[in-house]
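First the structure, in the form of structure tokens, and then the observations on it.
None of the values given here were measured: they were computed from a predicted structure.
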Amino acid sequence: MKGKYILFTALMMAMPISMDAQKKRSAPKTKAKPTVVDKEFELRLDGMRAATQKVMFVDSVVVSKSRLLKSLNIPDEAGSIVDYNTFFKETDQPNAVVYLNQLKNKCVFSKYVNKGWDLYSSELIGGKWAKAIPLKGLDVIGDDVDINWPFLLSDGVTLYFAAKGDESIGGFDIFMTRYDESTDRYLKPENIGMPFNSTANDYFYIVDEYDGYGWFATDRHQPKDKVCIYSFILNNVRENYNPDDYSPEQLKQLSELHSISMTWTDKGRRTYAQEQLAEIAKRKYSQVKKNDFKFVINDKFTYTTLTDFRSVEAAEKYAILYDIMSKKTKLDNSVERARNAFPTAKSKQKEEYRKQLLAAEKQSEKYELEIEDLTKEIRSIELKKLSHE
């Protein structure tokens, strides 16, 4: 196993509880989800249950909500999670969180404003964070919706968050959306469904794209001061449980994560995933990180942080280069996983793998050319700057 890694033994602060406490000080923004049997609600629940995604869960851990933030670890390439007050040096947002990208020049964060929670973004300009901008497009899921717990993939486009409103099936549900550059708005968010969402609070969907694992937190089946964090193996292609292969009760249990052992259709794969996650954790704690990267300018200069660049233009271009290199690494790793899964895949999945592999290989070649050209350009700009010093 190579590349960067992620250890995720816990998730965020005790937000579902503390947020409720905060809202007691002001009128609630959202209507409570139905707590009695409602035909329309039950039909919707049945529809989501029938489309439950087939996922292998590796493990689960229950932790105190008050200890979640201190237990969260995210690798540099995936960014980082910080509480709002610490990040912005304020005191009025005790339950808000900030997602900071790997380059530490852009953040997406939650904030409690006007009796509700929403998401905002900001960019680092001249060493200072610019004015916060509300994320456009998220309001299409309803006017009275609370949104929190953002996580942005390395592509800078795909955003996961938790929302409580008419399109959730109870408490907070996890949603996914993508940024549309042509309209400067996010596309209509989609509820990612079961088994990730439930009638309890489900939040903080986090992805390790390189190693192929994911995590999320949930209050389901837990006392009020506890939260359960599930780890699972990412799928290259989405596959739902076939209702014809399971009884209604089995499908209900799978959709609600009644027991993760029900998802262990390949126990060898699960054992391997456990070993890999243990190795990731071991490396996480044993490695001492001193440098962000290594970029050779010439025999005399090797840069290890963005602040080493004399040229602002070169630093900005290196940020772009680093992003492309990260995308290529993740893409190549995804291709490798798809190739390994190909021999045992079903006929329909094999055809999908073929299409994905061809497209991925072409994209990887494109990334390689972009990396080569940008590397030359950055060195040229920086050497020119150095020659004038």
Side-chain angles (χ1 to χ4, degrees), residues 1-3 5-11 48-63 71 73 75 174 192-198 202 204-218 220-222 226-285 330 333-353 356-357:
M1 181 175 57
K2 54 186 179 179
Y5 43 82
I6 188 170
L7 169 65
F8 191 101
T9 56
L11 286 164
M48 292 187 70
R49 186 171 293 128
T52 298
Q53 186 176 168
K54 192 173 185 179
V55 179
M56 181 179 289
F57 286 85
V58 181
D59 214 339
S60 63
V61 58
V62 176
V63 298
S71 302
N73 290 283
I174 300 166
I192 67 172
M194 295 178 162
F196 302 108
N197 290 320
S198 68
D202 307 286
F204 233 121
Y205 184 95
I206 290 182
V207 174
D208 171 12
E209 298 168 275
Y210 186 81
D211 287 306
Y213 295 99
W215 298 260
F216 80 100
T218 179
R220 72 184 80 176
H221 315 311
Q222 301 303 319
K226 301 289 185 179
V227 61
C228 185
I229 297 91
Y230 290 94
S231 58
F232 59 94
I233 301 173
L234 293 179
N235 291 328
N236 291 304
V237 179
R238 173 168 180 141
E239 180 183 1
N240 295 339
Y241 287 105
N242 187 345
D244 296 334
D245 297 335
Y246 301 89
S247 69
E249 181 59 27
Q250 286 176 319
L251 194 59
K252 182 176 184 294
Q253 291 178 346
L254 286 165
S255 69
E256 297 174 353
L257 282 181
H258 181 76
S259 172
I260 63 172
S261 62
M262 295 179 67
T263 71
W264 299 343
T265 53
D266 184 342
K267 292 189 177 181
R269 188 182 181 202
R270 188 251 177 174
T271 300
Y272 173 77
Q274 282 185 305
E275 294 172 351
Q276 190 175 31
L277 286 173
E279 182 62 26
I280 290 171
K282 182 179 178 181
R283 290 204 314 268
K284 177 69 176 179
Y285 283 108
K330 291 177 176 62
N333 188 69
S334 178
V335 168
E336 185 63 25
R337 292 202 307 271
R339 282 177 178 154
N340 292 336
F342 186 84
T344 58
K346 297 178 181 178
S347 57
K348 288 185 179 180
Q349 287 181 311
K350 283 187 175 181
E351 183 59 30
E352 185 64 29
Y353 281 148
Q356 285 189 348
L357 286 169

In short, H221 meets L257 closest at the heavy-atom pair NE2-O, 4.1 Å
Side chain to side chain contact (heavy atoms under 4.5 Å, CB included) assessment of I233 paired with Y213:
CA-CA 5 Å; I233 301 173; Y213 295 99; 3.9 Å; yes
Taking only residues two or more places apart in sequence or in another chain, which ones pass side-chain hydrogen bond (donor to acceptor under 3.5 Å, both in side chains) with Q253?
E249
Who passes side-chain hydrogen bond (donor to acceptor under 3.5 Å, both in side chains) against S261, sequence neighbours left out?
S259
Looking at side-chain heavy atoms only, is the closest gap between Q222 and V227 below 4.5 Å?
no
Partners passing side-chain hydrogen bond (donor to acceptor under 3.5 Å, both in side chains) against E275 (at least two apart in sequence or in another chain)
none
Set of ring-ring contact (aromatic ring centres under 6.0 Å, His included) partners for Y205, sequence neighbours left out:
Y160, F196, F232
Taking salt bridge (charged side-chain N to carboxylate O under 4.0 Å, His left out) as the cut-off, I'd like each qualifying pair that reaches into residues 258-274, sequence neighbours left out, listed once.
none
Name the atoms and distances for all side-chain donor-acceptor pairs under 3.5 Å in residues 48-63, with sequence neighbours left out.
| residue | atom | partner | partner atom | Å |
| --- | --- | --- | --- | --- |
| R49 | NE | S255 | OG | 3.2 |
| R49 | NH1 | D46 | OD1 | 3.3 |
| T52 | OG1 | R49 | O | 2.6 |

For the CE atom of M262 and the CG atom of L251, what is their distance to the nearest 0.5 Å?
9.0 Å
Are F216 and I206 packed together at the side-chain level, in the sense that at least one heavy-atom pair is separated by less than 4.5 angstrom?
no
Using side-chain contact (heavy atoms from CB on, under 4.5 Å) as the criterion, point out the one residue from I260, D208, L277 that pairs with S231.
L277
Close side-chain approach of Y241 to Q250, heavy-atom, < 4.5 Å:
no
Just to verify, what does N242 make a side chain to side chain contact (heavy atoms under 4.5 Å, CB included) with, not counting sequence neighbours?
D244, D245
Listed partners of N240 passing side-chain hydrogen bond (donor to acceptor under 3.5 Å, both in side chains), at least two apart
R238
